[in-house]
Structures are given as structure tokens and as C-alpha cells.
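First listed ligand is number 1; within each ligand, the first listed atom is number 1.
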Amino acid sequence: MAKPSVAAVPEVVGVPAAAQATTLFPYPPPRGAGITAAVVRRKCLQVELGAGAAGPLLGGACWGVESMRASSPTHAKAAAALAAGVDEERRAAWTVRHPSALGKFEQIVAASEGKRIVMFLDYDGTLSPIVDDPDAAFMSETMRMAVRSVAKHFPTAIVSGRCRDKVFEFVKLAELYYAGSHGMDIRGPAKASSRHAKAKAKGVLFQPASEFLPMIEEVHDRLVETTRCIPGAKVENNKFCVSVHFRCVDEKMWGELSESVKGVLREYPKLRLTQGRMVFEVRPTIKWDKGKALEFLLESLGFADCSNVLPVYIGDDRTDEDAFKVLRRRGQGHGVGILVSKHPKETSASYSLQEPAEVMEFLLRLVEWKQLSRARLIRLQ
Ligand SMILES: O=P(O)(O)OC[C@H]1O[C@H](O[C@H]2O[C@H](CO)[C@@H](O)[C@H](O)[C@H]2O)[C@H](O)[C@@H](O)[C@@H]1O
């Protein structure tokens, strides 16, 4: 891994707060507004299948309605098969390749023998359920307690596409590391929860895309303006990247929305477009992603050497695949990728969990296992 410049990058100050989108429509728009129940059900199915997942960059490809509906013919076929209730076989085969992290819990913790576990958690769809309004994606108090307990035992980072401040507002735990804007805005804990964190946390701050701030501000404003007349479209400023949500946009308008976004992006060759769960994501073309953020954080924590650490990354989105790939490259026993999904998806993760409730169960089992092994160790001494 190329050594990242750990030298603290000064936090960018004096950046004006993102211009607030003055929408012409309530958000999310009432369901009656052109969106039938059938459309909503179909959209939910597509989302669960990971339809519209990240693919090639705008430069080479065109994000159109098809890619919004389904990232590949395979996904479209899977959606149809699932809808018809004939996908059980495929699902079973997928589960063999990506077994439940709860079912294989013992195997996972056995891999941590003699190593320090470091936890990486995505936010939306992993710690909080997916909801229509991105501003209302709250995390439950019980999930917060589970994450807090995990952080007492293992260095823990939240890695999100959201703006770091926003994800902190949701999670509200000062003892964690936060990597916002798809890993382009990294900060160490404001409060230490363990000896290890106390020693290592100080001064970690990394913003590899800071030069893009004015451009992101500008493109955010342009996107707000250009999508203003599309009911349900929502533009979110994530500081070093921008999200354009279409979860609440009538499918009939998807073509128009995608054209508007691409039209704006054509004028910004230094920005690229990817797609997440019912969302377009605009970000700088720099070679930095959640995988790089994971490597950076491991190194900052003093774990550049693969042999004494077991990173565990849990995420649900295409952008989490960059981190899963890094873990896969490290080899078996050197990293654990867990995809959160109810349905078969192409993934580099080794294990799966179905939903945030299972993520919470996994985190609590990890805490319980750690407490028990510590008590056992004390008895032996
Ligand atoms: O990396 P993440 O923490 O998973 O962030 C990815 C995007 O998450 C949010 O959007 C997603 O969740 C919303 C709330 O449940 C949902 O309405 C939306 O359809 C999803 O795409 C966030 O709002 C985006 O800015 C992030 O890029």
C-alpha cells in the first residue's frame, strides 16, 4: 500500500455552509403524487436487489433509466425471478458462497486469534434502515448502545458516503473514528474509549480532496437548480461529494433526472458519477475510496503489518465493495468483509447479514465473546 501522508492536513475552514435546497415540493412527496403502490413495491424490490448499483464512470458510460432500474441484466433477471418467487435455488447457492456472519461467528472470531480486531461500519442500510428521507435515517438507541460497546473493546470507525458532520449527528459517539464523504474526510475520535485509541487517536485528520471543495459547492448549487422541477428529487451536500436522490422520484421522470445530472457533470471533467441505492453520487476523480480509507485508518492505528490485525468491515452498498476488495486482497484470515443484504448480490464480501437488526446482533455477540475471553484469561492468570 502506498503510504498515505499521515501528516495532519489542516481542516478546511471558512467554507460556506451548503446552500439549502429550496424545494418546490414537500419531502418526501406524498405517495399519491404520481407514484403508484405497484411502482413503490417494484422500486423496493429493485433496491433490495441492489439495482442501480455503482458501475462505470460517467466518462465511459451513460447513467440512464436502465442503470437506475437495474445495474445489469443479471439484476433485472434476478428481480423478475424473485418477484415470481422462483429464486430460491439461486439464493441458496449465494448463501453458500456468502454465509451468514452469525452462523459462522465462531469461524470469524477464530481468525482473530492473536490479532486485534478493528471494526469498520458503514452507516445507511447497515446501522440504520433505509428510509425515504435521507434526513430521517435515524439510528436506534439500542444500535447506538451496541456500537458504543463494540468501541469499548475494539477501535471502531464509521465509513460513510455522507458528510462527516452529518453522520456524526446521527451516530453521536465521540469515541469513534469517522470517515465521511466516501472516506475523503477522516477524523480520529474526539474522546478516547480505550487505551489503544488514546495512544493513537490524536491528530488523525485526512482530507485528500480538499482542493475540490469550491467545485463541489458549485456543482451542488447547479444540481439543486437543475433538478428543482423534478418532484421528489433531492440533492444532498456531502462536503467532498454530492448525492442526487431519486428514491422518491416517479420512474417516469428518471430519464429526465439522469439527463439533467449528466448535463451538469459534462462541464466538470474532474468529477465522476457513480450510483448507489437509488442515488447518484458525484465525487472527485481522485483515487480515493472506502477501501483506501480503511487502509489509511489501519496504518494510522499502527496496523500497517497485516499479521497482527483483523479488520472487519460491514456495509450494504456498492461503495463498500472497494473496502471488501481490499480485505479480499489481504487474503483469508487477514480481513473479514460482511455484506448487509436480504437478496443475492454480486459482492467481494465473504459473509452476509440480512439487515441492520442482524448487524446489531453480530456486534453484541462480538462484545459478549470479547468479555468472555477476557474473563477466561483473568481466571487462567
Ligand atoms: O455510505 P453510506 O453511509 O451507506 O451512505 C450512502 C448514501 O446513504 C444515504 O442514502 C441512502 O440512505 C437514505 C436513507 O435511508 C436513502 O433515502 C437513500 O435512498 C439511500 O441511497 C445518504 O443520504 C447519501 O448521501 C449517501 O451517499
Side-chain angles (χ1 to χ4, degrees), residues 18 21 27-29 35 40 43-54 63 68 71 120-140 143 147 157-171 176-186 216 219-220 223-224 232-249 251 254 257 261 272-284 288-294 313-324 338-341 345 349 353 355-356 359:
Y27 199 85
I35 306 176
V40 171
K43 277 188 193 176
C44 288
L45 186 62
Q46 287 161 358
V47 169
E48 293 308 339
L49 283 162
W63 290 115
M68 292 165 90
S71 59
F120 295 90
L121 301 164
D122 167 52
Y123 183 72
D124 291 278
T126 297
L127 297 181
S128 68
I130 292 291
V131 292
D132 280 352
D133 183 356
D135 293 332
F138 303 109
M139 177 176 164
S140 70
M143 180 67 95
V147 177
I158 305 290
V159 187
S160 172
R162 290 195 186 249
C163 158
R164 177 164 54 80
D165 290 347
K166 182 93 156 270
V167 79
F168 178 77
E169 271 173 38
F170 280 129
V171 178
L176 310 184
Y177 288 78
Y178 287 87
S181 309
H182 296 293
M184 289 180 284
D185 190 8
I186 301 179
I216 292 288
V219 88
H220 167 266
L223 287 167
V224 167
K234 187 177 174 93
V235 182
E236 190 183 2
N237 189 325
N238 286 334
K239 191 164 180 172
F240 295 107
C241 45
V242 179
S243 291
V244 181
H245 294 271
F246 54 88
R247 183 173 293 277
C248 293
V249 174
E251 201 173 324
W254 284 6
L257 179 71
V261 173
R272 62 180 173 137
L273 189 62
T274 57
Q275 210 173 294
R277 297 178 75 168
M278 296 275 177
V279 68
F280 285 121
E281 288 168 326
V282 176
R283 38 183 170 150
W288 197 264
D289 53 38
K290 288 181 171 184
K292 297 267 187 224
L294 179 147
Y313 188 106
I314 312 182
D316 73 313
D317 210 346
R318 296 309 292 182
T319 56
D320 299 310
E321 291 296 330
D322 294 317
F324 296 147
I338 304 174
L339 175 72
V340 184
S341 177
K345 268 185 190 176
L353 288 169
E355 54 193 349
V359 174

Sort out for me which residue in Phe138, Phe170, Phe168 forms a ring-ring contact (aromatic ring centres under 6.0 Å, His included) with Tyr123. Phe170
Decide whether an N or O pair under 3.5 Å exists between Asp124 and ligand 1. yes
Mark yes or no for whether Ser181, through its side chain, and Asn238, through its backbone, hold a donor-acceptor pair below 3.5 Å. yes
Side chain or backbone, does Lys290 bring an N or O within less than 3.5 Å of an N or O on ligand 1? yes
Look only at the side chain of Asp289 and the backbone of Lys292, and say whether a donor-acceptor pair between them is shorter than 3.5 Å. yes
Smallest separation among heavy atoms of Gly125 and Pro356, with atom names: O-CG, 3.7 Å
Looking only at heavy atoms, which two atoms of Glu236 and His245 are closest? And how far apart? OE1-NE2, 2.7 Å
Could you check whether any side-chain N or O of Lys166 sits under 3.5 Å from a backbone N or O of Gly180, counting only pairs where one atom can act as donor and the other as acceptor? no
Show me which atoms of ligand 1 lie under 4.0 Å from any heavy atom of Glu236. 22 (C), 23 (O), 24 (C), 25 (O)
Does ligand 1 have an atom that lies less than 4.0 angstrom from a heavy atom of Ser128? no
So, are Lys290 and Asp122 salt-bridged, with charged N and O less than 4.0 Å apart? yes
Using a 4.0 Å cut-off to any heavy atom of Glu281, which atoms of ligand 1 qualify? 6 (C), 7 (C), 26 (C), 27 (O)
Check each atom of ligand 1 against the heavy atoms of Ser160 and keep those under 4.0 Å away; list them by number with element. 1 (O), 2 (P), 3 (O), 5 (O)
Gly161: numbered ligand 1 atoms lying under 4.0 Å from its heavy atoms: 1 (O), 2 (P), 3 (O), 5 (O)
Where the closest heavy atom to atom 10 (O) of ligand 1 is concerned, which of His245, Arg283, Arg162, His182 has it? His245
If we only count N/O pairs under 3.5 Å, is Val159 in contact with ligand 1? no
Residues forming a ring-ring contact (aromatic ring centres under 6.0 Å, His included) with Phe120, sequence neighbours excluded: none
Please identify which atoms of ligand 1 are closer than 4.0 Å to at least one heavy atom of Asp132. 17 (O)
Under-4.0 Å heavy-atom contact with ligand 1, by part of Val131 that carries it: both
Please work out, at 4.0 Å between heavy atoms, whether the side chain, the backbone, both, or neither of Val279 comes within that distance of ligand 1. side chain
Is there a donor-acceptor pair closer than 3.5 Å between any side-chain N or O of Arg283 and the backbone N or O of Thr274? no
Inter-residue atom distance Asp316.CG - Ser341.OG, 0.5 Å rounding: 8.0 Å
Run the numbers for me: atoms of ligand 1, each under 4.0 Å from some heavy atom of Asn238, listed by number. 25 (O), 27 (O)
Hey, is ligand 1 close enough to Arg247 that some N/O pair sits below 3.5 Å? yes
Show which atoms of ligand 1 fall inside a sub-4.0 Å distance from at least one heavy-atom site of Pro129. 15 (O)
Residue selection (non-hydrogen contact nearest atom 21 (O) of ligand 1) among Arg277, Gln275, Lys234: Arg277
